[in-house]
Amino acid sequence: MTHLDLVLLGSGGLAVAVAALSGRLRRLPVSEPLLALLTGVLLGPAVLDVLRTGTVTQAPAAFHEGSRLLLAVSVMAVALRYPLPRVREVAGPALVLLGVVMPATALLGAGVTAVALGVSLPVALLLGAALSPTDPVLASSTVTGAPAEAALPSRLRRMLSTESGANDGLALPLVLVAVAVAGGGSAADVLRESLWQVLGAVLLGVLLGALCGRAVRAGEAHGSTEPGPVLLLTLALALGTLGAAGLLRTDGVLAVFVAGLAFNAVVTRGDRSTEVQVDEAVNRFLVLPLFLLLGAALPWQEWAELSWRGPVLVVGMLLLRRLPAVLLARRPLRLSWLDATYLGWFGPVGVSAVFYLSLEAERLALDPVVLAAGTLVVVGSTVAHGVTAAPGVAAYARAAAR
């Protein structure tokens, strides 16, 4: 039995269980990524030792490509989750979250890293930048599903969704700055690359999303488009945009998110609930193989070498990386204390962090402590936010009812 067979068997079995218990899972203190992560730990060297993949610190390139694909599908689902006019209603708060809170999160994360691990400023900046974006994969479990839709205000769910979709691409300039500081790059090079990565991604996303949307509208107008293929068209759009962005060396994740928004703007059907459900289902199931592999590839030895500093880093990141910044920005975000606390806590670290950590590893002779500490925070966030997602929604409902 090959490693691929084991991954397919484990992911397939887990997907069947998730599908059968999908409604109940939304009410339990567990999430799909957490279940997949635990399955990977069970199959990996730490327990059964039947899935031997090498650690994530030894093969960051494979996780970079896997996380890139998963992020593309996830941000496409986010872009299509709400009608575009509803997204525009939270554009102002989203700009505050992206332009103020995310950079502050990177700096706070760097500060926590420097204090907890005692590393140099460049190393701390690398970790702070990579962990700054809110992960759309983990965040989706806190804003989708019947319990969340019933308990949480629509505006709060739209804010978290829009932020998590956009910041995965827009975090790239922060990572490039950190890479330049650590690697001795020039400010002019960082500015030039950042402008192309962001502006090129926006232009490409608008072009491909609008063209795809117009093609669908033209096909429907002439009666040549059947509903079935359209349901999977957005997945093809995500993958095609990601490939085009890769060839043009621009920010693929941001390009996919913008393409989804452009498609959403052009294809203005009254009822798109079936399409949204398909996108969300694909997103929920595609996360399983990556987190299963991550669970089997955890760097236990490197974590042990962090000693007590590792748990201190995780707790510090969970409590001090994002929550203070959101609470301080409560007024411009026009949030109550309850909403700001919820939004501040549920800014999980996940697939996007794996993506940027592996990107840093590709560009630099990265200090091993960055990947080891980063994956430890990813696992800590997956556990903490997976366990608190359902109780957090219930606690919010109780607090709001008082």
Kindly indicate whether the side chain of Phe346, heavy atoms from C-beta on, has any atom under 4.5 Å from the side chain of Val143. no

Is a salt bridge present between Glu362 and Arg68, judged by a nitrogen-to-oxygen distance below 4.0 Å? no

Would you name the heavy atoms of Ala106 and Leu174 that are closest together and state the gap between them? CB-CD1, 4.2 Å

Minimum heavy-atom distance Val78-Thr162, with the two atoms named: CG1-N, 4.4 Å

Is there a side-chain contact between Thr142 and Leu160 in this structure, where contact means two heavy atoms from C-beta onward sitting under 4.5 Å apart? yes

Here the gap from Leu131 atom CG to Arg321 atom CZ, rounded to the nearest 0.5 Å, amounts to 6.5 Å

Are the side chain of Asp339 and the backbone N or O of Leu156 linked by a donor-acceptor pair below 3.5 Å? no

Say whether, by atom type as modelled, one donor and one acceptor occur between the side chain of Arg158 and the main chain of Val87 under 3.5 angstrom. no

Does any part of the side chain of Leu117, heavy atoms only, come nearer than 4.5 Å to the side chain of Val369, both counted from C-beta? yes

Which atoms form the tightest heavy-atom contact between Gly165 and Val75, and what is the distance? O-CG1, 3.6 Å

With rounding to the nearest 0.5 angstrom, report the CG to CG distance, Leu320 to Leu313. 11.0 Å

The test is side chain to side chain contact (heavy atoms under 4.5 Å, CB included); show your working for Leu290 and Val137 and say whether it passes. CA-CA 11 Å; Leu290 182 67; Val137 178; over 6 Å; no

Nearest 0.5 Å, please: how far is CG in Leu97 from CE in Met102? 9.5 Å

Does a side-chain heavy-atom distance below 4.5 Å link Met317 with Val349? no

Are Arg322 and Thr134 linked by a side-chain donor-acceptor pair shorter than 3.5 Å? yes

Side chain to side chain contact (heavy atoms under 4.5 Å, CB included) partner of Val177, the single match among Leu191, Val190, Leu125: Val190

Compare all side-chain heavy atoms of Tyr396 with those of Pro153 and state whether any distance is below 4.5 angstrom. yes

Show the nearest heavy-atom pair for residues Ala262 and Ala210, with the distance to one decimal. CB-N, 3.8 Å

Give me the atom names and distance for the closest heavy-atom approach of Ala296 to Leu51. CB-CD2, 3.6 Å

Output side-chain donor-acceptor pairs under 3.5 Å for residues 36-47, partner residues at least two apart or in another chain, one line each.
| from | atom 1 | to | atom 2 | distance (Å) |
| --- | --- | --- | --- | --- |
| Thr39 | OG1 | Leu35 | O | 2.8 |

Rounded at 0.5 Å granularity, tell me how far CG in Leu71 sits from CG in Leu286. 11.5 Å

Is the shortest heavy-atom distance from the side chain of Ser140 to the side chain of Arg81 under 4.5 Å? yes

Between OH on residue Tyr82 and CZ on residue Arg157, distance to nearest 0.5 Å: 4.5 Å

Got a donor-acceptor contact below 3.5 angstrom from the Asp168 side chain to the Pro133 backbone? no

Listed once per pair and sorted, the side-chain hydrogen bond (donor to acceptor under 3.5 Å, both in side chains) pairs that draw on residues 371-389, sequence neighbours left out: Trp303-Thr375, Trp345-Thr388, Ser381-His385

For the backbone of Ser161 and the side chain of Ser164, can you confirm whether one donor and one acceptor N or O come within less than 3.5 Å of each other? yes

Should Leu195 and Arg192 count as side-chain neighbours, where that means a heavy-atom distance under 4.5 Å? no

Report yes or no: does Thr250 contribute a side-chain atom to a donor-acceptor pair with the main-chain N or O of Trp196 at less than 3.5 Å? yes

Looking only at heavy atoms, the pair that brings Glu163 and Leu98 closest together is O-CD2, 4.1 Å

Per the ring pair (Phe, Tyr, Trp, His ring centres under 6.0 Å) rule, what does the pair list look like for residues 6-65, sequence neighbours excluded? His64-Phe355

Tell me, with the steps shown, if Leu318 and Val377 meet side chain to side chain contact (heavy atoms under 4.5 Å, CB included). CA-CA 8 Å; Leu318 290 174; Val377 175; 5.9 Å; no

With heavy-atom distances below 4.5 Å as the criterion, would you say the side chains of Val312 and Val115 are in contact? no

Asp135 side chain vs Ser352 backbone, donor-acceptor pair below 3.5 Å: yes

Could you go step by step and tell me if Glu360 and Leu371 meet the side chain to side chain contact (heavy atoms under 4.5 Å, CB included) rule? CA-CA 9 Å; Glu360 292 174 349; Leu371 270 174; over 6 Å; no

Spacing of Leu343 atom CG and Arg330 atom CZ [to the nearest 0.5 Å]: 12.5 Å

Take Leu364 and Val179, measure what side chain to side chain contact (heavy atoms under 4.5 Å, CB included) needs, and give me the verdict at the end. CA-CA 7 Å; Leu364 295 170; Val179 168; 4.0 Å; yes

Under 3.5 Å, side chain of Ser132 to main-chain N/O of Ala129, donor-acceptor pair present? yes

